[in-house]
Protein chains: 2
Amino acid sequence: MDDSITLNNAKNDPTKDRILDEAEALFALRGYDAVSIRKITGAANCNLAAVNYHFGNKQNLYLEVFRSRWLPRAVRIQKCFRESLAANGALTPSTVVESLAQAFIAGPLSEEERRRHHQLISGELAKPTEAFKMVADQAFRPLFDSLFEDLRSVLPDDIEEERLALKIFSVFAMVLYFNFARPLISSFTGCDYDAAFKERLVDHIVEFSINGLGAKSKETSI
Amino acid sequence: MDDSITLNNAKNDPTKDRILDEAEALFALRGYDAVSIRKITGAANCNLAAVNYHFGNKQNLYLEVFRSRWLPRAVRIQKCFRESLAANGALTPSTVVESLAQAFIAGPLSEEERRRHHQLISGELAKPTEAFKMVADQAFRPLFDSLFEDLRSVLPDDIEEERLALKIFSVFAMVLYFNFARPLISSFTGCDYDAAFKERLVDHIVEFSINGLGAKSKETSI
DNA sequence: GGATGTTTTATACATACGTTTGATTGTTGC
DNA sequence: GCAACAATCAAACGTATGTATAAAACATCC
């Protein structure tokens, strides 16, 4: 078992990588308990004992999926967000929300990657394991903090910290929900998640984040 | 096995009810695959064979949890929503959103019930089984349709159907996310989900739904 | 080319699973 | 009291699970 620094985590050990790939796909699709080591090693075309040899045990393999597969993808998404934001010129609430929604909904991941990514993390959100803490510390927290600073600088500056945090969570709520609840949304709107619909989704999230329901013409806020 | 009309589904058969209660708690907490029939019957203090006697098999028990426990609770929430909306007098976007958020976040369920309710359904959203179709047809769809009509009647009437649907989903996104992602939100804001915080949450959701980020003073919408 | 260290293999182990069975207890109507 | 039915029980079934082990295959270096 090599635990060297693994400068480049891909191609280091073909078997280990195949196991990680197949394990991720299966964990995302069916959840931790519904996936056996035998199914994983079967899919990865390697021996049953390979998981315990390379990762010690099943729980460790699950954790390693998050460490070496999920986290780098989260980094890619956030990189995409920051680049898109920088390319957008002005820093405004609109551009922040648009870059964020764009990165998450139509960003650098393939459809299949996005499905895996969100299914894995929604499993953790629903029933947090050790992996959750890692992901919260290394992915959610930095993104949240950077959004906090970005938005604080472009929103009226008398805004309370808690209120700003809730606003950020609300944007997140939409971005994640429109990924998470795809089956429901597709079935109720009749729309596939093709490029055109995703573009409309991003537009909608930006508009809703800026204007809410668009109810200003009929009433004032409470 | 009695399959009579079950006018009142409680107290009909103590063992059956105990199994349903414990099964729901365990399924919500750990998920379908992680919960064995032995754990359920152990918690319900009855014989291992009771599940297969009363429900045929495990999958059927899971389905029955949704039919006889989850759905009635969804009905209670929606009843609370409609009553609160009626009591509110005027039908406006604010009152619709407030009643909805109120019903879901601080509504008729106990904290424990709410936890179960949302964990069960988020399991289904993540990996839909047969139960999902039932719940979508009998709970989500009617609520969605009634919200659709309510909001259509109080929003500018040139609004496209798809746009209105997305707005409704966005409100749902917040309501559900603020329940779903409790661990994350508590940890990032430092707030417990006590009555005071839930009240602020409802206020926030209403305000965000009406005014978005509150960015109007610094820019116009795209 | 033989020794050394790493990876893969086949097989075994103990435990846990969902489901079935057949006997036993409890309950109801006569 | 007894027949008919409903519910509970202990025990067993075959299968699947996570993990361990020891032998085999492979790689690398002197």
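Please read these numbers as outputs of a predicted model, since none were measured by experiment. What you see below is based on every heavy atom in this structure, not just the backbone, and it leaves out hydrogens, waters and symmetry mates. A note on names: the letters A, B, ... follow the listed sequences, proteins ahead of strands, and every chain is numbered from 1.
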Name the pairs: protein N/O against N/O of nucleotides 19-24 of chain C, kept only if under 3.5 Å.
unit_1	atom_1	unit_2	atom_2	d
dT19(C)	OP2	Lys58(B)	N	3.0

key: Separation of dC17(C) P from Leu61(B) CG (nearest whole Å)   = 15 Å
inquiry  = Suppose the criterion is side chain to side chain donor-acceptor pair (under 3.5 Å): which pairs have a residue in residues 128-137 of chain A, not counting sequence neighbours?
reply    = Glu124(A)-Thr129(A), Lys133(A)-Asp137(A)
Any donor-acceptor N/O pair, Tyr177(B) side chain to Leu176(A) backbone, under 3.5 Å = no
request  = In whole angstrom, give the distance that lies between atom CG of Asp33(B) and atom P of dA16(D).
outcome  = 15 Å
ask   = Parallel, tilted or perpendicular for Phe148(A) and Phe144(A), by the 30°/60° rule?
value = tilted
key: Atom-to-atom span, CG of Asn47(A) to P of dT9(C) - whole angstrom   = 5 Å
ask   = Starting at CD1 of Ile40(A) and ending at C1' of dA16(D), how long is that distance when rounded to a whole Å?
value = 14 Å
task = Check whether any side-chain N or O of His54(B) sits under 4.0 Å from OP1 or OP2 of dT8(D), and answer yes or no.
result = yes
query = Parallel, tilted or perpendicular: which fits the ring planes of Phe178(B) and Phe169(A), with parallel below 30° and perpendicular above 60°?
reply = perpendicular
ask   = Starting at CG of Asp17(A) and ending at C1' of dT7(C), how long is that distance when rounded to a whole Å?
value = 15 Å
query = Taking only N and O in the side chain of Ser36(A), is any of them less than 4.0 Å away from OP1 or OP2 of dT17(D)?
reply = yes
ask   = So does Thr15(A) get a side-chain nitrogen or oxygen closer than 4.0 Å to the phosphate oxygens (OP1/OP2) of dT7(C)?
value = no
Please list every donor-acceptor pair under 3.5 Å in which a side-chain atom of residues 27-35 of chain B meets a protein atom from a residue at least two apart or in another chain.
unit_1	atom_1	unit_2	atom_2	d
Tyr32(B)	OH	Gln59(B)	N	3.1
Tyr32(B)	OH	Gln59(B)	OE1	3.4

inquiry  = Tell me whether His118(A) contacts the main-chain N or O of Asn179(A) through its side chain, where contact means a donor paired with an acceptor under 3.5 Å.
reply    = no
key: Distance, rounded to the nearest Å, where Leu26(B) contributes CG and dG18(C) contributes P   = 12 Å
message = With a 3.5 Å distance limit and no angle check, can you tell me whether Arg141(B) reaches the backbone of Ala136(B) through a side-chain donor-acceptor pair?
response = no
ask   = Nearest-Å distance, CZ (Arg30(B)) to C1' (dA16(C))?
value = 16 Å
key: Candidate nucleotides dT7(C), dG18(C), dT17(D), ranked by approach to the side chain of Tyr53(A) - the nearest   = dT7(C)
